[in-house]
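Worksheet for the structure shown next.
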Amino acid sequence: ENLAYARLRENDYQEKSVKVLMGHTERMEGKYATFIEAVIPVNGIEFAGGVPQWNNYAWSQVFKEVKKFYEDMIIVGWAIDICGQIPSMTAQLERVHQTYFGGIHQILLLMDTLEREEAFFSNRNGYLKRREGFFIYYDKISTETNGKKE
């Protein structure tokens, strides 16, 4: 969704930031598609060795937001923005993903909002593989003109 994508690209001048991706998955023509409908920034998450530390504090922030605004969605993955670095997979990032977001349909988005670079990764045979391309969907809002819906 466009609003979720815009929120992903927000950068509050942090060198590194993490966001949790909310939405749903659907099976279409024998394949699964992941739809990102909302984004939850994980403020104040600590980093060690270049990777985020998913501790109880970070998760409590996420679940507070989920309970407040997103109970009708599921966590479909996460995003990490490291400004000024080309998004590339590392063994440490893959371990973090497998530990905390290891579901078969969980995705990882590596970003550099400074250079506007992005790379999506999804689970293939137990490993994260880069996926090429994605689509942004817009909700069509119906309007009424003279009592007729358009």
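Keep in mind it's a predicted model, so treat the numbers as computed, not measured.
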Note to self: Minimum heavy-atom separation for Lys16 and Gly50, please, with both atom names.
What the structure shows: NZ-CA, 3.8 Å
Note to self: Please say yes or no: joined through hydrophobic side-chain contacts below 4.5 Å, possibly via intermediate residues, are Met73 and Phe63 part of one cluster?
What the structure shows: yes
Item checked: Where Val62 and Trp54 come nearest, the two heavy atoms and their spacing -> CG2-CZ3, 4.3 Å
Checklist line | Gap separating the CG atom of Asn123 from the CD atom of Glu94, nearest 0.5 angstrom | finding: 8.5 Å
Next item on the list: Determine the minimum heavy-atom distance between Val39 and Tyr70, stating which atoms define it.
Entry: O-OH, 4.1 Å
Next item on the list: Step through the shown structure and confirm whether more than 12 heavy atoms of other residues, nucleotides or ligands are within 6.0 Å of CD on Glu46.
Entry: no
Notebook entry, point to check: Does a sphere of radius 6.0 Å around OH in Tyr127 hold more than 12 heavy atoms from other residues, nucleotides or ligands, not counting ones at 6.0 Å or beyond?
Noted result: no
Checklist line | Residue pair Ala58 / Gln53: nearest heavy atoms and the distance that separates them | finding: CB-O, 4.5 Å
Next item on the list: Kindly check if the number of other-residue, nucleotide or ligand heavy atoms within 6.0 Å of CG (Asn56) is above 12?
Entry: no
Note to self: Taking Ile40 as the starting point, is it possible to reach Phe47 by hopping between hydrophobic residues whose side chains are less than 4.5 Å apart?
What the structure shows: yes
Next item on the list: Give the C-alpha distance, both sets of side-chain angles, the deciding distance and a yes or no for side chain to side chain donor-acceptor pair (under 3.5 Å) between Glu37 and His24.
Entry: CA-CA 8 Å; Glu37 301 171 74; His24 71 279; 2.5 Å; yes
Item checked: Mutual orientation of the aromatic rings belonging to His105 and Tyr32 [parallel < 30°, tilted 30-60°, perpendicular > 60°] -> tilted
Notebook entry, point to check: What heavy-atom pair brings Ala79 and Met111 nearest, and what distance separates the two atoms?
Noted result: CB-SD, 4.3 Å
Notebook entry, point to check: Where do Ile107 and Ser122 come nearest, in terms of heavy atoms and distance?
Noted result: CG2-CB, 4.1 Å
